[in-house]
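Notes to accompany the following structure.
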Amino acid sequence: MTTTTIATIATIAAIATAPGQGGVAIVRLSGPEAARILTEVFRPAKQGALTSHMLTYGHAVDGSRIIDECMAVLMRAPRSYTREDVAELQLHGGGYIAQQVLQLCLAHGAALAAPGEFTRRAFLNGRIDLSQAEAVMSLIAAQGAQSHRAAMRQLQGGASSFIRKAADELYELQAGVAACIDYPEEIDEAEAASDLIPRAEALAARIDSACDERAARILQSGLRVALCGQPNVGKSSLLNALLGEERAIVTPIPGTTRDMVQGDLTLGGSIIHLTDTAGLHATDDPVEQLGVARARRAMEEADLVLAVFDQSRPLDADDRALLHDLQGRNAAIVLNKADLSPVLTAADLPALPAAPVLTVSAADEASLAPLKAYLAEQAAVSDTLALTQPRHVEAARRAARHLRQAADTARTLSVDMASIDLQAAQLALAEITGDEVEERLLDRVFGMFCVGK
Ligand SMILES: Nc1nc2c(ncn2[C@@H]2O[C@H](COP(=O)(O)OP(=O)(O)OP(=O)(O)O)[C@@H](O)[C@H]2O)c(=O)[nH]1
Ligand SMILES: [Mg+2]
């Protein structure tokens with residue numbers, strides 16, 4: 001006789017709201033014991049069973065001791081976030097009460113939820129696919145309208161439908177290859193290759209065109225902008241003026257900023273991460289040298305370099321060296337101190353076709369409008385982008401590479417050998433929606449969530 005062990009699903013619990021004081025704190029439960037545990041820790045004001053999906057007034061209790069006056073809701077499976085029974089207690093905000101109620105739930109048999117475990121269950125129970133689960137995390141992390149829109153599109157299945165369409169097409173290619181392998185006397189190899197090659201290449205091109213690493217990164221973490229230039233040109237003053245606060249120290253002494261000073265602002269619904277850096281110049285001071293090395297690193301890592309010059313001074317050798325460094329980078333030239341009489345103008349600068357010249361005065365807020373408009377434009381990402389997560393873009397690029405490899409294999413070796421590349425492409429696409437995932441990938445994705453979601 002064989003014995004089967006049925007893995008019992010734990011009922012998980014966590015505080016779903018952010019730590020700290022607030023109007024409301026929510027303790028959430030999910031799993032087969034959620035309803036029972038709720039009845040242990042919640043006493044409705046009116047006697048009677050809790051109705052599913054109905055908010056009920058009552059008290060959080062530990063036996064006869066009242067912990068809080070609260071609201072509770074039970075959402076019976078499958079009409080819940082996780083598709084399991086879910087219960088929530090809406091308590092008064094503040095860590096102490098929520099912690100007490102959570103401990104009570106644990107004492108009544110719940111297990112503490114891991115980060116992202118509620119959403120992981122929603123995924124495992126088929127309510128959402130992996131890309132939608134990640135969209136939940138992006139929604140929570142969204143700091144501006146642009147990343148919010150992208151996350152919403154993804155949650156509504158934007159990425160999934162693009163990937164599923166590509167996967168369907170790929171299945172057709174795979175079916176063609178399988179037929180060629182199964183019926184070699186009926187299907188001509190050369191004919192099959194001439195069908196497969198252009199279709200695999202076209203699909204690879206379509207997938208590639210949906211991939212924009214820069215856009216995915218900007219949506220995820222904003223546009224990284226480095227303010228660079230010689231000492232005293234007004235980099236820190238510009239940082240402060242753009243942020244609208246005195247974040248960095250400003251003095252007439254060259255070499256004031258030594259470390260990087262950072263701040264975020266929202267322009268046109270996008271997040272801009274500004275980094276003010278130490279003035280670039282040759283120095284014997286070891287502290288300044290470290291600052292200059294950091295400034296160079298910030299320049300390397302930036303999506304956009306704002307090269308700041310003092311337009312009341314003529315261009316010197318160090319300025320020319322900076323202009324030279326800008327070649328091949330995404331950069332703009334900012335001529336600062338426009339309120340002083342101009343010595344340096346756009347005409348004195350060597351031609352840098354890709355770098356616009358913007359004249360501003362950190363001392364005059366209105367003069368910053370064109371610079372702000374330029375930053376907003378740089379951070380804008382198309383609203384029609386199908387893939388908006390770096391993980392998805394990476395997997396899609398991999399799928400496209402395998403497809404091109406399949407075309408090559410069909411051209412140089414044989415159609416049946418190409419089936420290996422097609423299968424690899426299919427697996428890469430399935431990673432995005434989570435149709436084919438390893439436990440490790442799930443751990444990585446859901447490990448980035450907060451506890452309680
Ligand atoms: N007139 C005028 N003065 C400015 C302007 N911007 C900055 N300054 C002055 O220029 C001096 C240097 O400004 P900072 O912002 O500290 O310059 P920085 O580029 O950060 O200098 P370092 O930190 O030394 O690299 C200060 O005295 C500022 O008040 C401007 O637009 N007009
Ligand atoms: Mg400074």
Side-chain angles (χ1 to χ4, degrees), residues 223-265 267 272-302 304-326 329 331-349 352 355-375:
L223 181 80
R224 290 171 303 193
V225 178
L227 286 154
C228 300
Q230 283 206 60
N232 227 31
V233 293
K235 302 178 294 299
S236 303
S237 305
L238 274 171
L239 175 88
N240 292 347
L242 287 167
L243 294 179
E245 62 174 278
E246 298 304 305
R247 180 72 55 93
I249 297 171
V250 168
T251 76
I253 306 159
T256 300
T257 307
R258 295 183 159 206
D259 216 336
M260 296 192 288
V261 183
Q262 294 179 319
D264 292 353
L265 79 155
L267 291 173
I272 319 276
H273 290 300
L274 288 173
T275 301
D276 173 30
T277 61
L280 298 165
H281 71 127
T283 169
D284 293 331
D285 179 338
V287 182
E288 270 197 283
Q289 280 173 350
L290 287 172
V292 170
R294 286 188 178 200
R296 296 212 174 276
R297 202 164 60 232
M299 244 171 112
E300 295 296 330
E301 289 171 359
L304 170 69
V305 175
L306 292 182
V308 186
F309 297 87
D310 177 348
Q311 63 104 55
S312 70
R313 278 187 347 212
L315 214 59
D316 66 17
D318 284 341
D319 288 327
R320 283 182 213 285
L322 172 59
L323 285 164
H324 184 263
D325 269 3
L326 295 182
R329 284 185 210 284
I333 292 166
V334 179
L335 299 181
N336 187 33
K337 309 197 185 182
D339 51 305
L340 304 179
S341 49
V343 174
L344 178 64
T345 66
D348 303 313
L349 301 168
L352 279 170
V357 179
L358 297 148
T359 305
V360 302
S361 167
D364 169 18
E365 216 208 302
S367 77
L368 299 175
L371 174 59
K372 287 185 179 172
Y374 173 74
L375 290 174

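Ligands are counted one by one from 1 in listed order, and the atoms in each one are counted from 1 as well.
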Report task. Answer with yes or no whether the side chains of Gln289 and Thr283 bring together a donor and an acceptor at under 3.5 Å. Result -> no
Requested in this report: Report yes if some N/O of Thr277 lies less than 3.5 Å from some N/O of ligand 1; otherwise report no.
Outcome: no
Report task. Could you tell me whether Thr251 approaches ligand 1 through its side chain, its backbone, both or neither, with non-hydrogen atoms closer than 4.0 Å? Result -> backbone
Requested in this report: With heavy atoms of Ala363 as the reference, note each atom of ligand 1 found under 4.0 Å away.
Outcome: 31 (O)
Report summary line: Output field for angle at the Mg ion (ligand 2), Ser236.OG vs Thr257.OG1, rounded to 10°, should show 90°
**Report entry** Nitrogen or oxygen atoms of Gly255 and ligand 1 under 3.5 Å apart
**Finding:** yes
Requested in this report: Taking atom CD1 of Ile249 as the centre, report whether more than 12 heavy atoms of other residues, nucleotides or ligands fall under 6.0 Å from it.
Outcome: no
**Report entry** Backbone or side-chain N or O of Ala278 under 3.5 Å from ligand 1 N or O
**Finding:** no
Requested in this report: For ligand 1, note which part of Pro254 has a heavy atom under 4.0 Å away: side chain, backbone, both or neither.
Outcome: backbone
Query raised in the report: Which of the numbered atoms in ligand 1 are below 4.0 angstrom from a heavy atom of Ser237?
Result: 6 (N), 7 (C), 13 (O), 14 (P), 15 (O), 28 (C)
Query raised in the report: Hey, is ligand 1 close enough to Gly234 that some N/O pair sits below 3.5 Å?
Result: yes
Requested in this report: List the closest protein heavy-atom neighbour of atom 6 (N) of ligand 1: residue, atom name, distance to the nearest 0.1 Å.
Outcome: Asn336 ND2, 3.2 Å
**Report entry** N/O separation below 3.5 Å, Asp339 to ligand 1
**Finding:** yes
